[in-house]
Amino acid sequence: MSRVEVRDLTVVRGTRTVLSGVGLAVGGGDWLAVIGANGAGKSTLLKALAGVLPYSGEVLVDGTPVRALKPRERARLLAYAPQSPVLPADMTVFDYTLLGRTPYISHLGRESRRDREVTASVLERLGLSSFASRLLGHLSGGERQRVVLARALTQQAPVLLLDEPTTALDLGHQQQVLELVDRLRLADGLTVVTTLHDLSLAGQYADSMMLVAGGGAAASGVPADVLTEKLIAEHFDARVRVVTGAGGRPEVHLERPCT
Ligand code: ADP
Ligand code: MG
C-alpha cells in the first residue's frame, strides 16, 4: 500500500496562482475525497499529483519524490483518470483501455498476452465487455467515462487519481463505479484520491476529505468535520442541512430558502 504526501504545492495556470502552499497526506489504502466549488482548483490538484501540470513543491509516493521519476516509472505508481479527456474517436474501447498497459510494454515491444488479459478483465469488471470492439466516438458520455476509468485501472498502479469519476453516470452506474473502486481499494490496497462534486457521495466513501478554497485547504479531516452546514454555506454559497446517515457518515441535503 502506498502513502501519498504533498508538501508546499503551488500551481500557476496562465497568470493565476491556483494552488498555493498546499499540503496533504493520504495513508496507504485510504480514500481521500477532494471537494470545493467550481474553479476552486480540484482538477488542478489532481493534475499536479499525476504529473501532467508543472508545479513547485513536492509530491511523494512512499517517500519517493515522483518528479524525479521517468514517466513510465511514475505511471506504474500513479494512475490518473481525467475529468474531460480528449478521446480518439476512431479507436476501439479495447485498444484504448489497453493503452493503460503502456508503462509495462518495452519501447519496441508489443503488448503481451498478460496485458490483453488484464485489459479484458478490467472491461469485464466495469461491465464493458460487450463494448470492447465499439469505437470511442460512438459511445455515450457515461460509457466514455467508464472507459477512461478502465484505462486507469488497467495501469494497475497502487495510487488511483480519479477526477469526477461519476459526473456523467446515471445513479446505478455511479454506485457501481464507486463500489468497484472501493472493492479494489480493499482487495488490492489501492490508495484513492478522487474529486467528487456530490458531497453526500463523497462523504459515504471517503476516509478523509479536503475542502479546497482560496488556493488552499480550507478544511480537512474526516467527512463529519468537513461536511458541516457552516463550511458548505461559506464555501459553496448553498443552504444545506447535514444529517447523520448510515455508519455515522454525514448526508448533505439541499434546503430551499424560505420565501
Ligand atoms: P475545479 O476542478 O475545482 O473546478 P480547476 O482546477 O479546473 O477547478 O480550475 C481552477 C482554476 O484554474 C479556475 O479558475 C480555472 O479557470 C483555472 N484554469 C484551469 N485551466 C486553466 C488553464 N489552462 N489556463 C489558465 N487557467 C486555468
Ligand atoms: Mg474539475
Side-chain angles (χ1 to χ4, degrees), residues 4-26 31-59 66-67 71 74 78-87 141-142 144-152 159-170 173-174 177-178 181 191-206 208-221 223 225-228 231-238 240 252 254:
V4 177
E5 216 180 318
V6 169
R7 292 184 196 150
D8 201 18
L9 180 81
T10 296
V11 184
V12 177
R13 304 190 76 173
T15 54
R16 207 182 138 210
T17 303
V18 176
L19 297 172
S20 175
V22 173
L24 66 85
V26 195
W31 186 325
L32 169 73
V34 179
I35 60 166
N38 291 341
K42 305 177 295 295
S43 295
T44 300
L45 174 63
L46 252 66
K47 283 180 179 162
L49 288 176
V52 298
L53 270 186
Y55 58 86
S56 68
E58 215 57 89
V59 176
V66 297
R67 191 203 300 278
R74 189 170 61 216
L78 298 148
Y80 164 61
Q83 182 173 2
S84 34
V86 180
L87 301 182
R144 288 156 57 96
Q145 200 162 18
R146 279 187 290 148
V147 173
V148 172
L149 178 64
R151 174 179 168 168
V159 180
L160 197 51
L161 308 168
L162 308 176
D163 197 357
E164 303 284 1
T166 57
T167 26
L169 303 183
D170 61 45
H173 284 117
Q174 285 185 30
V177 160
L178 294 175
V181 170
T191 305
V192 180
V193 181
T194 52
T195 65
L196 284 170
H197 77 280
D198 184 318
L199 301 181
S200 291
L201 218 47
Q204 276 189 50
Y205 286 92
S208 63
M209 297 182 79
M210 176 172 151
L211 168 59
V212 179
S220 52
D225 288 345
V226 178
L227 295 179
T228 66
L231 282 169
I232 293 169
E234 189 180 338
H235 295 288
F236 291 86
D237 197 19
V240 297
V252 179
L254 273 177

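Quick note: residue numbers are just sequence positions, from 1. Indexing begins at 1, ligand by ligand and atom by atom, following the structure's order. As a basis for the values below, the full set of heavy atoms in this structure was taken, side chains included, without hydrogen atoms, waters or symmetry mates.
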Original post:
For the residue pair Asp163 and Ser43, what are the closest heavy atoms and their distance?
Top reply: OD2-OG, 2.6 Å
**OP:** Tell me whether Ser43 has at least one N, O or S atom under 2.8 Å from the Mg ion (ligand 2).
**Re:** yes
**OP:** First locate atom NE2 of His173, then atom CZ of Arg146, and finally report the distance between them rounded to the nearest 0.5 Å.
**Re:** 3.5 Å
Original post:
Do side-chain atoms of Thr17 reach the backbone of Val12 as a donor and acceptor pair under 3.5 angstrom?
Top reply: no
Subject >> Interatomic spacing from CG in Leu9 to CG in Leu49 - rounded to 0.5 Å >> reply: 7.0 Å
Original post:
Which distance, rounded to the nearest 0.5 Å, do you find between the CD of Gln83 and the CG of Leu162?
Top reply: 12.0 Å
Original post:
Under 3.5 Å between some N or O of ligand 1 and some N or O of Arg13?
Top reply: yes
Subject >> Trace of the side chain to side chain contact (heavy atoms under 4.5 Å, CB included) decision for Ile232 with Leu211 >> reply: CA-CA 9 Å; Ile232 293 169; Leu211 168 59; over 6 Å; no
Subject >> the Mg ion (ligand 2) reached by Asn38 (N, O or S, under 2.8 Å) >> reply: no
Original post:
With a 4.0 Å cut-off on heavy atoms, is Ala40 touching ligand 1?
Top reply: yes
**OP:** Could you see which bit of Arg16 sits under 4.0 Å from ligand 1, with heavy atoms only: side chain, backbone, both or neither?
**Re:** side chain
Original post:
With respect to atom 2 (O) of ligand 1, which of Gly36, Ala48, Gly39, Ser43 exhibits the smallest heavy-atom separation?
Top reply: Ser43
**OP:** Report, in ascending order of atom number, the atoms of ligand 1 lying under 4.0 Å from any heavy atom of Ala37.
**Re:** 3 (O)
**OP:** Write out the residue and atom name of the closest protein heavy atom to atom 12 (O) of ligand 1, then the distance separating them to 0.1 Å.
**Re:** Val18 CG2, 3.4 Å
**OP:** Determine, counting only non-hydrogen atoms of the protein, whether one lies under 4.0 angstrom from atom 16 (O) of ligand 1.
**Re:** no
**OP:** Would you mind running through ligand 1 and noting each atom that sits below 4.0 Å from a heavy atom of Asn38?
**Re:** 4 (O)
Original post:
Have Thr167 and Gln145 got a donor and an acceptor in their side chains that come within less than 3.5 Å?
Top reply: yes
Original post:
In Å and rounded to the nearest 0.5 Å, what is the OG to CG distance from Ser220 to Leu32?
Top reply: 8.5 Å
Subject >> Atoms in ligand 1 flagged as close to Thr44, the criterion being non-hydrogen separation under 4.0 Å >> reply: 5 (P), 6 (O), 9 (O), 10 (C)
